[in-house]
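In what follows, every chain begins at residue 1, and chains take the letters A, B, ... in the order their sequences are listed.
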2 protein chains.
Amino acid sequence: MAANSRFAVAVHALSLLAWREGERRSSREIAGSVATNPVVIRRLLTQLQRAGLVRSAHGAKGGFVLGRPAARISLYAVYRAVEEGGFFALPEKGNDACPVSCRMKGFLGGVFSRVESKVAPELRKTTLADVVRRLPA
Amino acid sequence: MAANSRFAVAVHALSLLAWREGERRSSREIAGSVATNPVVIRRLLTQLQRAGLVRSAHGAKGGFVLGRPAARISLYAVYRAVEEGGFFALPEKGNDACPVSCRMKGFLGGVFSRVESKVAPELRKTTLADVVRRLPA
DNA sequence: CCATAATGTAACCATTCTAGTTGCGATTGA
DNA sequence: TCAATCGCAACTAGAATGGTTACATTATGG
């Protein structure tokens, strides 16, 4: 299972928190909905916490809540929090003696950043509040 | 290195073919520019051949040429040829008893396809002919 | 006809990434 | 005190990728 479903799981977990905003949810509850292990959820939510998207409380009756209102958490914020790299990768090597190879890195870097600049606004359009609106009350 | 550089390597290889359009290039030559193994190149170009982007010739003086004019090969065609999945993955599991989990798959599928619909036109804008224009003669 | 130079492909290995799991210390509330 | 909970480290399993070797097949040129 090397498929990268971190973004999907993060949105799922945050949607649960947004669904009943304000109520604490334990990693065990969230893991139950996502059908995975609580530790996997805690690992992922640690990343989201560093980005300010969630806050956690230790101890009994502890758990997670959103770090700010659902309407102010876009899918792009989630994407940035869990995916460090972009969509594609540049190869680290290359033959510097070849004039084509020399130019490829710069060229592809430009392509990748133009792609990113199209994806970002699309993901910014949707917030967790929009997600909740699609969920049953 | 488990980084996914297939797209970058494919564009690099095709750019070499477009640079001196019509001349055959062996996998060894291409591998020399990309700084990898000829078998890696042949494996990748086999995929591109299935998509019609290159043609190969066996035997001595064999090698690869573009399957159609460089101006008619967009980066999107390359992307489709080498990347089967989309950018993100949907988790295969989920708790069907949870109303949030039940809706996530459909919701995320919509998000992913909207992202794809922004990326595709951006990649379609650039062809191999555009790449060659940026290369030294 | 034969040597040479190529592709196509299978097999295998090393590395890296992800998710899953166990265990445990620290913290909090009842 | 006790139970619930996060944080984190360590380990495992499985998959994907790229690199490498090997070999059958095919085409060219003398």
Protein-nucleotide distance ([X], atom [atom1]; [N], atom [atom2]), rounded to Å:
| X | N | atom1 | atom2 | answer |
| --- | --- | --- | --- | --- |
| B/E83 | D/dT17 | CD | P | 8 Å |
| A/R28 | D/dT5 | CZ | C1' | 9 Å |
| B/R24 | D/dT28 | CZ | C1' | 12 Å |
| A/L44 | D/dG7 | CG | C1' | 14 Å |
| B/F7 | D/dA16 | CZ | C1' | 19 Å |
| A/Q47 | C/dC17 | CD | C1' | 13 Å |
| A/E29 | D/dC6 | CD | C1' | 14 Å |
| A/L48 | D/dC6 | CG | P | 14 Å |

Please list, for nucleotides 8-12 of chain C, all pairs of protein and nucleotide N/O atoms separated by less than 3.5 Å.
residue, atom, partner, partner atom, Å
C/dG8, OP1, B/Q49, OE1, 3.0
C/dG8, OP1, B/S56, OG, 2.6
C/dG8, N7, B/R42, NE, 3.0
C/dG8, O6, B/R42, NH2, 3.2
C/dA11, N6, B/R43, NH1, 3.2

*Between the side chains of A/R124 and A/S74, is a donor N or O closer than 3.5 angstrom to an acceptor N or O?*
no
Please determine if a side-chain N or O atom of [X] lies less than 4.0 Å away from the OP1 or OP2 oxygen of [N].
| X | N | value |
| --- | --- | --- |
| B/S5 | D/dT17 | no |
| A/S27 | D/dC6 | yes |
| A/K61 | D/dC2 | no |

_Between A/R80 and A/E116 (salt bridge meaning N to carboxylate O under 4.0 Å), is one present in this structure?_
yes
_So if I apply the side-chain contact (heavy atoms from CB on, under 4.5 Å) rule between A/L14 and each of A/L44, A/V9, A/V54, which one comes out positive?_
A/V54
*asked:* Tell me if the CZ atom of B/R55 is crowded by more than 12 foreign heavy atoms within 6.0 Å.
replied: no
*asked:* For the CZ atom on B/R28, are there more than 12 heavy atoms of other groups (residues, nucleotides or ligands in this structure) within a distance under 6.0 Å?
replied: no
*Which listed nucleotide (D/dT20, C/dA19, D/dA27) is nearest to the side chain of A/V40?*
C/dA19
*Residue mapping more 5' on DNA chain C - nearest nucleotide basis, B/K93 or B/P38*: B/P38
*DNA chain D: 5'-proximal contact among B/N37 and A/R25 (nearest heavy atom)*: A/R25
*Under 4.5 Å between side-chain heavy atoms, hopping through other hydrophobics if needed: is there a path connecting A/Y76 to A/V132?*
no
*On the 0 to 90° scale, with breaks at 30° and 60°, tag the A/F112-B/F7 ring pair as parallel, tilted or perpendicular.*
tilted
